[in-house]
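All residue numbers refer to positions in the sequence shown, counting from 1. This one's a predicted model, so the numbers in the text were calculated from it and none came from an experiment.
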Amino acid sequence: MRAGRKIAAMVLTGMFSLSALTSSFAAEKPDGMDDAIWARLQDGKIEYDEIENLVLYFNPNYRQAIEYMDVSTGLQDMERSAEELKAEIKNIKKEADYAEEEGDVLTYMYNTALANTLEKQALRQLRSGINMINSSKKENFRPVRRQLTSALQQMMIGYHMALSSKELTDTAAELADAAYQSTITQKNLGMATDTAVQNAEKSLVAARQQQQSLDSTLTSLRQNLSIMTGGTADTPIEIGPIPAPDLSRIATMNPDTDIDQAIPYCQEIKSLRHTSEASQALYENKTLSLAETKGKLKTKLESLYQKVLETKTSYEAAQTALESATITMNGNDLKYQMGMLGRLEYLQTKVGYLQQKMTYDMAVLNLKQAIENYDWALYGIVELE
């Protein structure tokens, strides 16, 4: 988790580097907006369904782009952040590989999930944001808002991915402490060696470092979410929950028909449609390029749809496994209360349960993100490969 902590402090801050660290735009209540809705946007709690309005009225970069009509300001900082983010993702992957070799399941799962999310979502969105800003004009503010909304959703999901391991990390530290104390007791009774005590101490130190690293990651992510919604790093905020994935939405997905909705929003297709047709050769080249780009978009939709189905299968498997683990854990809770399980043994069983719970929580969030990715692709927030 060491790389995860470093990355959290700078993920997307480049995207919002124009004035996010120094000031917050004081937006006025829009005409016609309900007072209760406006107050809710400023109540210090970021709710998932508020994200688009938070971008629209409080995101410092978006507000400054509207005010100055200069969406290229700060572009170099964004490009630098993209390169730094790319390097940090590489570090996270190395940490995951090392953790796998060492048998550290918690760190491996966390770093792998975080690296995948940041690489496939945050980094791509940051690069897309750079491209969007390079080409944006006043009439493109709506796509920019969608881009920022999508990026902020991803970071909020990333926050909850990190949060999903919080209880497991804390319990693992508690278990390491209990094991250390037990080893000391055994050593005093002549039942353990100095080496065993040293190893137990090392495990405890590592577990506490993981705790600190995760806490730092969560703090940094909260700070970034605050900055991206018009606050500062010191603004106290609460991060609301992520709504459950809408399973009924999956049944209505159909790349064969949804392509018709996606085409008008696709930035590549929109750009091609504005290219010259001054000659027969240019006309034929434009027609061919449009056909190829539409084909790529269709392939992308199909890929995103398959990802939804895959994550749904993983979600269902994790749900079944958690149900079984919960039954077992309930039995262990009762045994512990009745004195049939010692504290050390109980904590070992609890860690096993929490690992399964984290797997389920991650599966839920991955499914939510997969559905969002498909839906955003229908509105032009997609990277064609």
Side-chain angles (χ1 to χ4, degrees), residues 1-9 88-116 161-221 318 321-322 324-326 328-362:
M1 295 186 190
R2 286 171 290 173
R5 180 185 63 189
K6 289 187 291 183
I7 203 167
E88 290 297 336
I89 289 173
K90 184 177 181 180
N91 290 337
I92 289 178
K93 289 182 177 180
K94 288 182 179 179
E95 292 268 348
D97 292 340
Y98 177 78
E100 184 178 27
E101 293 175 0
E102 294 297 312
D104 186 347
V105 177
L106 171 61
T107 300
Y108 170 75
M109 291 178 63
Y110 174 79
N111 279 21
T112 298
L114 182 60
N116 287 339
M161 283 185 171
L163 188 63
S164 70
S165 65
K166 171 66 173 170
E167 187 176 5
L168 173 57
T169 303
D170 289 345
T171 302
E174 185 180 356
L175 172 60
D177 181 68
Y180 174 63
Q181 298 300 332
S182 175
T183 305
I184 290 178
T185 299
Q186 292 176 7
K187 170 65 170 55
N188 293 335
L189 295 174
M191 299 172 62
T193 65
D194 290 336
T195 300
V197 173
Q198 292 170 0
N199 289 336
E201 185 177 15
K202 289 179 181 178
S203 296
L204 175 58
V205 170
R208 286 176 174 170
Q209 287 176 341
Q210 288 183 340
Q211 267 188 307
Q212 294 171 359
S213 178
L214 179 58
D215 288 343
S216 295
T217 294
L218 290 169
T219 297
S220 296
L221 288 171
L322 179 60
S324 176
T326 300
T328 301
M329 191 63 213
N330 288 340
N332 289 331
D333 284 336
L334 183 59
K335 289 179 181 179
Y336 183 60
Q337 293 170 8
M338 297 174 63
M340 299 172 63
L341 279 180
R343 180 167 176 264
L344 192 60
E345 185 178 3
Y346 172 74
L347 288 174
Q348 290 172 336
T349 63
K350 187 175 181 180
V351 164
Y353 162 75
L354 291 175
Q355 287 175 335
Q356 191 59 61
K357 183 176 182 298
M358 184 186 72
T359 299
Y360 169 75
D361 290 340
M362 294 286 283

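- When all heavy atoms are compared, the tightest approach of T326 to Y353 is OG1-CE1, 3.6 Å.
- Annotation: the span from Q210 atom CD to L168 atom CG amounts to 9.0 Å, rounded to 0.5 Å.
- Atoms CD and CE, on E345 and M340 in that order, are 10.0 Å from each other to the nearest 0.5 Å.
- Listed by chain and number, the residues in a salt bridge (charged side-chain N to carboxylate O under 4.0 Å, His left out) with K357 are D361 (sequence neighbours excluded).
- Taking OG1 of T171 as the start and NZ of K166 as the end, the distance is 10.0 Å to the nearest 0.5 Å.
- Of all heavy-atom pairs spanning S165 and A162, the tightest one is OG-O, 2.9 Å.
- The minimum heavy-atom distance linking S164 with M362 is given by the pair OG-SD, 3.5 Å.
- The backbone N or O of Y346 sits less than 3.5 Å from a side-chain atom of T349, completing a donor-acceptor pair.
- By the side chain to side chain donor-acceptor pair (under 3.5 Å) test, N330 is found to be paired with no residue, residues two or more places apart in sequence or in another chain being considered.
- In this structure, T328 OG1 and D333 CG are separated by 11.0 Å, a value rounded to the nearest 0.5 Å.
- Residue pairs meeting the salt bridge (Lys or Arg N to Asp or Glu O under 4.0 Å) criterion with at least one member in residues 181-201, sequence neighbours excluded: K187-D194.
- Not a single salt bridge (charged side-chain N to carboxylate O under 4.0 Å, His left out) links D97 to another residue, sequence neighbours left out.
- Within the model, atoms NZ of K335 and CG of L341 stand 6.0 Å from one another, a figure rounded to the nearest 0.5 Å.
- Atom CD of Q198 sits about 8.0 Å away from atom OG1 of T193, to the nearest 0.5 Å.
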Anything under 3.5 Å between a donor and an acceptor, one on a side chain of residues 173-184, the other on a protein residue two or more places apart or in another chain? List them.
residue: E174; atom: OE2; partner: R343; partner atom: NH2; Å: 3.2
residue: D177; atom: OD1; partner: R208; partner atom: NH2; Å: 3.3
residue: T183; atom: OG1; partner: A179; partner atom: O; Å: 2.7

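- Listed here is the closest heavy atom pair of Q356 and A321: NE2-CB, 3.3 Å.
- Checking side-chain atoms of S213 against main-chain N and O of Q209 turns up no donor-acceptor pair under 3.5 Å.
- Partners of T219 according to the side chain to side chain donor-acceptor pair (under 3.5 Å) rule, which considers only residues two or more places apart in sequence or in another chain, are R222.
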